[in-house]
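No experiment lies behind these values; they were computed from the predicted model shown. Residue numbering restarts at 1 for every chain, and letters A, B, ... go by the order of the sequence lines.
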There are 2 protein chains.
Amino acid sequence: MSLRYALLGLLAYEPASGYALTKSFEHHVGRYAWQAGHTRIYPELNKLAADGLIEVAEEGARGRITYAITEPGRAALREWMMTPPAARKVRDEDVLRLFLMSALPPEDSRRLLKAIIEDCAGEIDELRDTIAMLDEDCAEAGERLPFGRLAAEYGLRTYETRRDWALWALARLESH
Amino acid sequence: MSLRYALLGLLAYEPASGYALTKSFEHHVGRYAWQAGHTRIYPELNKLAADGLIEVAEEGARGRITYAITEPGRAALREWMMTPPAARKVRDEDVLRLFLMSALPPEDSRRLLKAIIEDCAGEIDELRDTIAMLDEDCAEAGERLPFGRLAAEYGLRTYETRRDWALWALARLESH
DNA sequence: TGCTCACATGTCGCGGATGACATGTGGAAT
DNA sequence: ATTCCACATGTCATCCGCGACATGTGAGCA
């Protein structure tokens with residue numbers, strides 16, 4: 001059911017086509033929060049439209065269909081946002097690998113931790129660039145919703161934390 | 001496919017029954033890394049056994065079947081651990097809510113951020129207790145695999161980071 | 001003018017995930 | 001002796017997710 005709300009959330013930010021939404025999932029949403037491919041996105045958009053939570057805002061070139069969120073859609077999104085379930089539910093392959101780390105022989109653990117540290121470094125650099133650009137746009141355009149900014153900051157802090165954890169785990173392994 | 005390796009990883013730590021594994025998913029694995037219910041776990045265990053990656057170690061009371069990982073199982077797990085895919089794939093409903101935060105009116109955002117901060121505080125307290133107990137056991141038992149310790153530390157740091165981010169986001173909203 | 005490639009939306013089959021339903025067992029307390 | 005509840009494993013229908021396959025379009029470039 002979460003994909004539904006992921007789409008509503010993106011459309012609450014601004015109207016978009018299925019193609020554009022797919023790109024959003026590829027570039028940010030799917031990397032940090034909720035992955036989805038176009039084969040799920042298009043059917044779900046049709047269902048959302050059938051349910052009246054979104055509507056066709058424009059039909060453009062190459063069959064492009066731009067959707068916009070409706071008032072019932074905003075209400076449904078708000079309802080979902082404000083009532084998180086008691087039980088946490090996560091599926092993150094990367095974190096699973098971290099969790100199972102000690103199943104490996106120490107030498108492999110070390111190699112994997114070093115790879116994680118490098119990977120995080122790349123991610124952090126990328127996010128720092130993104131944030132710099134967002135902040136410039138903000139200063140120039142004067143008015144921009146902080147959607148990307150909050151999310152980017154969250155991503156940045158998450159990867160910094162993961163890198164620091166890996167450094168700590170590595171040190172812990174060495175002092176054995 | 002990840003459930004397969006989550007199970008192998010847990011069984012690499014120590015032999016366990018499907019029931020015990022289900023509890024692990026409820027209590028730690030499913031909350032931080034990879035969720036799964038018993039309806040998926042039992043069939044997957046049967047498949048793993050059929051593939052020779054695990055084996056029945058003991059059949060106990062009430063139909064309990066205790067499984068242990070085999071050498072091919074360890075090899076398959078190691079193979080998977082050491083070759084992470086290029087593309088990150090995440091599904092985390094909580095993080096999705098953070099991502100979509102700005103879709104809400106500011107007043108709702110504030111309420112949600114405050115709820116997140118409280119929720120994180122509870123999680124952090126719980127994890128601190130867990131870690132204290134793990135460290136005591138270590139000192140007392142002298143010898144214990146660091147599986148739970150690394151994972152708990154990761155969880156703790158993750159929730160501290162999330163709390164700090166929420167505090168930052170709240171301050172950012174106020175200064176608007 | 002023609003070519004190419006990103007744009008743009010879709011179906012289909014298979015396997016994974018989930019909630020509802022089903023069934024029986026043994027330890028512990030009353 | 002009985003009752004209760006956690007223990008323990010399973011099926012089934014339905015939906016979700018993913019990779020493969022399908023189809024057509026317009027902008028830009030040579």
Is there a side-chain contact between [X] and [Y] in this structure, where contact means two heavy atoms from C-beta onward sitting under 4.5 Å apart?
{"X": "A:T161", "Y": "B:Y159", "answer": "no"}
{"X": "A:R91", "Y": "B:S2", "answer": "no"}
{"X": "A:R157", "Y": "B:W168", "answer": "yes"}

Could you give the [atom1]-to-[atom2] distance, from [X] to [N], as a whole number of Å?
{"X": "A:M1", "N": "D:dC15", "atom1": "CE", "atom2": "P", "value": "12 Å"}
{"X": "A:R40", "N": "C:dT9", "atom1": "CZ", "atom2": "C1'", "value": "15 Å"}
{"X": "B:E58", "N": "D:dT9", "atom1": "CD", "atom2": "P", "value": "12 Å"}

Does OP1 or OP2 of [N] have a side-chain N or O of [X] closer than 4.0 Å?
{"X": "B:Y19", "N": "D:dC7", "answer": "yes"}
{"X": "B:R64", "N": "D:dA8", "answer": "yes"}
{"X": "A:R91", "N": "D:dG17", "answer": "no"}
{"X": "A:Y42", "N": "C:dG10", "answer": "no"}
{"X": "A:R62", "N": "D:dG26", "answer": "no"}

Going by the angle between their ring planes, with limits at 30° and 60°, are A:Y5 and A:W80 parallel, tilted or perpendicular?
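If you compare the ring of A:Y5 with that of A:W80, the planes turn out parallel.
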
Could you please name the option among C:dG16, D:dT9, D:dC18 that lies closest to any side-chain atom of B:H38?
D:dT9

Which is more 5' along DNA chain C, the nucleotide nearest A:K89 or the one nearest B:E44? Just name the residue.
B:E44

